[in-house]
Amino acid sequence: MAPPVSCFLFVVLFSASCKVITSSDEMCTVKEANKTYNCENLGLRGIPDTLPNTTEFLEFGFNFLPTIQVTTFSRLIDLIFLDLTRCQINWVHEDTFQSHHQLNTIVLTGNPLIFMAETSLNGPKSLKHLFLIQTGLSNLQFIPVHNLEKLESLYLGSNHISSIKLPENFPTQNLKVLDFQNNAIHYLSSKAISSLGQATNLSLNFNGNDIKYIEPGAFHSRVFQSLKFGGTFNLSVVFKGLQNSTTQSLWLGTYEDTDDQDLTPAIFEGLCAMSVESINLQKHHFADLSSTTFRCFTQLQELDLTGTHLKELPSGIEGMNSLKKLVLNVNSFEQLCQINAASFPSLTDLYIKGNLRKLDLGVGCLEKLENLQRLDLSHSDIQASDCCNLPLKHLSHLQYLNLSYNMPIGLQAQAFKECPKLELLDLAFTHLHVNAPQSPFQNLSYLKALNLSHCLLNTSNQHLLEGLLDLRLLNLQGNRFQDGSISKTNLLQTVGSLEILILSSCELFSIDQQAFHSLGKMRYIDLSHNNLTGDSISALSHLKGVYLNLAANSLGIISPHLLPILSQQSTINLSQNPLDCTCSNFYFITWYKENLQKLEGLEETVCANPPSLRGVPLSEVKLSCGMTAMGIFFLVVFLLLFAILLILSVKFLLRWKYQHI
Ligand SMILES: *[C@@H]1O[C@H](CO)[C@@H](O)[C@H](O)[C@H]1NC(C)=O
Ligand SMILES: *[C@@H]1O[C@H](CO)[C@@H](O)[C@H](O)[C@H]1NC(C)=O
Ligand SMILES: *[C@@H]1O[C@H](CO)[C@@H](O)[C@H](O)[C@H]1NC(C)=O
Ligand SMILES: *[C@@H]1O[C@H](CO)[C@@H](O)[C@H](O)[C@H]1NC(C)=O
Ligand SMILES: *[C@@H]1O[C@H](CO)[C@@H](O)[C@H](O)[C@H]1NC(C)=O
Ligand SMILES: *[C@@H]1O[C@H](CO)[C@@H](O)[C@H](O)[C@H]1NC(C)=O
Ligand SMILES: *[C@@H]1O[C@H](CO)[C@@H](O)[C@H](O)[C@H]1NC(C)=O
Ligand SMILES: *[C@@H]1O[C@H](CO)[C@@H](O)[C@H](O)[C@H]1NC(C)=O
Ligand SMILES: *[C@@H]1O[C@H](CO)[C@@H](O)[C@H](O)[C@H]1NC(C)=O
Ligand SMILES: *[C@@H]1O[C@H](CO)[C@@H](O)[C@H](O)[C@H]1NC(C)=O
Ligand SMILES: *[C@@H]1O[C@H](CO)[C@@H](O)[C@H](O)[C@H]1NC(C)=O
């Protein structure tokens, strides 16, 4: 550990020359002393001597190790995780990891492997995760199988594998993840699938393989956690292969650049012959979309139809009582009623975000969804002059509503009366017109988080937040206050339970001393990116232990009477302020240097004045604000004059006194 110590001394003595030393003597970075190190991309040809024997987690990617062998890592017998990404490894010799009994993860991604010795993975008896992505592999027989009894995940993506037939004695009993994405697997036979042996609850990934044929029933009576066949041209092939199988989730999406067949009702007949809980069909096109398309979807609990070019969902879909979560993002609905929500009466989660057309909310389109808890309508060009009681009719269990990034929305008094259980309401970046003097949020007594950032609110309305009895988080970022000032009476007076308040980028110039007096539970205040001066700090005098962000304001001189207020907070960010580093700010700078442990962003907390100190971190400033020689000279002259004056006046007084005796 000598080099870092000497380096530290050098930093203190000659901060410029230290950089040269570290760059010629490549240093691994310490993430956790004696345990976790990162030596990536240092042009290393071996393990540096500076790395302690006790290293457990080592990121060693992007170095140069054409062969690895028994001596390469022999010193680091405590290794648990070893990442050797792109080290140009060609040869992995006998017994390379012989004494690494605790090794759990080996990453060999991006190495052009030519040879792996039969005994190369002997030793790590508890190896759980092996990454052989982009290693030029074409045959699974290449992988040494000894000692892999504990293997849980094997990543084989982006190789040239055409057959998934595992070596005969491959231990599969603990296997949970087998990832074959982007290989050249075009055919799957029953025999190949049966080589998966005892593996059950497996996650098997065949995305990007252009599968042309699966032997019908090849997966029968097997149980999977997830199966991915993304980018397969003919989905009938997949469903035939999956007959009589069980899987928790089935990913059948496609990609922009992939050719694929339109999905017909006939294709989905195959779904009736297998058991599946969750299915993803993203980016496909449907042909002849009708209620029969969904005949075999009745067992589903989750359905993801993101980007499937839908203008509506057909009416008359029956039996989908199990569906809990429906994702309809990035489609082209014009009216919310076009999703025919009544077909999915048990929904708890509905996502319609990023709709490609202007979405009209209509009236009561979701009223049959009595169990709905989460509704995401963000980024959907929604415009509504009178939101939200009619569109949200009967959604009495709704807890989460996201209406962010929409067109202007008008809110009347009690605009969310229909969903009294709301806990989180996100209206960020949606321009709000509040049409009533009362609060649109009245009766939301369970609401915990309200995001009103960039809503162009009229913050003069003191009743705006009335009725939010349990509000913990309020985000008002990017809204303006009248005259750039938060006055003594303001809209925050009604939300006394607030713990987190965000008022950044509100163009604030001042905050009244009493403005926050009703907020006693506060523990996080973000006032960054405003134009506040030191005086506004007195608004926080009654608060203790708060995280306070005052970055990017107009703080120049902070007067001594404000320092106790800062002292009683837990963490303070004063970066990017035009701080004054002259003697007029002496007390603040002294306080700053005594309280460095409370402050964050020290590097960016720099002087703006005087010009000679501009850009110097406040923590490095040394002020000497004693008397100057000139000052002492004037003081002496002044005292001298004063003494002469005193003597003269005493003399005068005495003479006057004697004259009157
Ligand atoms: C790291 O190891 C050295 C030498 O064994 C020891 O002195 C030091 O206390 C250890 N540091 C930590 C954080 O464990
Ligand atoms: C590290 O391990 C090597 C080889 O096992 C040994 O020679 C060396 O003394 C060890 N170093 C320390 C500091 O224990
Ligand atoms: C299947 O695996 C998933 C995660 O991979 C796990 O959450 C689940 O409990 C497992 N199920 C069984 C029956 O082992
Ligand atoms: C699926 O199971 C059914 C009933 O158990 C059986 O009749 C049928 O042959 C099986 N199909 C395949 C392809 O295994
Ligand atoms: C898709 O696969 C099915 C079953 O293997 C086959 O009957 C059908 O002809 C295929 N469709 C196309 C367009 O290749
Ligand atoms: C609401 O949606 C926006 C955009 O999709 C997203 O960024 C934001 O995190 C969501 N809000 C919450 C609370 O999840
Ligand atoms: C809603 O709030 C208003 C005003 O606070 C109150 O008068 C009314 O009783 C509340 N209604 C319900 C159903 O809680
Ligand atoms: C609104 O605030 C919530 C809570 O902090 C946050 O989760 C969400 O991402 C924010 N929304 C947007 C659009 O940033
Ligand atoms: C903002 O609200 C105040 C008080 O509720 C009202 O007097 C004022 O006209 C409103 N300003 C705008 C621009 O609507
Ligand atoms: C207010 O602060 C912003 C950045 O926080 C700055 O761009 C702007 O010039 C300031 N305005 C005035 C009048 O100081
Ligand atoms: C201080 O606040 C600024 C503005 O919010 C932020 O960019 C910066 O990351 C903060 N500093 C730290 C150390 O968190």
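Counting starts at 1 for both ligands and their atoms, in listed order. The residues of the chain are indexed from 1 along the displayed sequence.
Residues satisfying the ring-ring contact (aromatic ring centres under 6.0 Å, His included) criterion with His431, sequence neighbours excluded, are His433. Residues satisfying the disulfide (SG to SG under 2.5 Å) test with Cys607, not counting sequence neighbours, are Cys581.
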* Asked: Run the side-chain hydrogen bond (donor to acceptor under 3.5 Å, both in side chains) check on Asn577 and Asn553 step by step: do they pass?
  -> CA-CA 5 Å; Asn577 274 293; Asn553 274 288; 4.9 Å; no
* To do: Could you please spell out the steps behind the side-chain contact (heavy atoms from CB on, under 4.5 Å) verdict for Phe294 and Leu289?
  => CA-CA 9 Å; Phe294 296 90; Leu289 189 67; 3.9 Å; yes
* Evaluate the criterion side-chain contact (heavy atoms from CB on, under 4.5 Å) for residue pair Asn549 and Tyr524; output intermediate values, then yes/no. => CA-CA 8 Å; Asn549 195 339; Tyr524 184 106; 5.7 Å; no
* Determine, step by step, whether Tyr592 and Leu579 satisfy the side-chain contact (heavy atoms from CB on, under 4.5 Å) criterion, reporting the C-alpha distance in whole Å, the side-chain angles of both residues, the deciding distance to 0.1 Å, and the verdict. => CA-CA 12 Å; Tyr592 184 90; Leu579 291 164; 5.7 Å; no
* To do: Show your working on side-chain contact (heavy atoms from CB on, under 4.5 Å) between Leu204 and Leu196 and close with a plain yes or no.
  => CA-CA 10 Å; Leu204 196 51; Leu196 297 175; 4.0 Å; yes
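Note: no N/O pair closer than 3.5 Å links His529 and ligand 11 by distance alone. For Ser236, no nitrogen or oxygen atom sits less than 3.5 Å from a nitrogen or oxygen atom of ligand 5, counting backbone and side chain alike. Checked against a 3.5 angstrom limit, the closest N/O atoms of Asp526 and ligand 11 fall outside it.
Within 4.0 Å of ligand 2, contacts by protein heavy atoms are made from Asn53, Arg75.
Applying the disulfide (SG to SG under 2.5 Å) test to residues at least two apart or on different chains, the pairs with a partner in residues 254-296 are Cys272-Cys296.
Annotation for ligand 11: atoms under 4.0 Å from non-hydrogen atoms of Gly601 are 13 (C). In summary, the atoms of ligand 11 found under 4.0 Å from a heavy atom of Ser528, numbered by their order in the structure, are 5 (O). Those atoms of ligand 5 with a heavy atom of Asn234 less than 4.0 angstrom away are 1 (C), 2 (O), 3 (C), 8 (C), 10 (C), 11 (N), 12 (C), 14 (O). Near Ser575, the atoms of ligand 11 lying under 4.0 angstrom from a non-hydrogen atom of the residue are 1 (C). Near Val237, meaning under 4.0 Å from one of its heavy atoms, ligand 5 places the atoms 2 (O), 5 (O). For ligand 11 and Asn573, the ligand atoms under 4.0 Å from any heavy atom of the residue are 1 (C), 2 (O), 3 (C), 8 (C), 10 (C), 11 (N), 12 (C). Close approach of ligand 5 to Lys240 (heavy-atom distance below 4.0 Å) involves ligand atoms 4 (C). Of all the atoms in ligand 5, the ones that sit under 4.0 Å from a non-hydrogen atom of Gln261 are 11 (N), 12 (C), 13 (C).
A side-chain donor from one of Glu59 and Asn38 sits under 3.5 Å from a side-chain acceptor of the other. Side chains of Thr571 and Glu600: a donor-acceptor N/O pair is absent below 3.5 angstrom, by distance only.
Under a 4.0 Å N-O distance rule, the pair Lys521/Glu499 does not qualify as a salt bridge.
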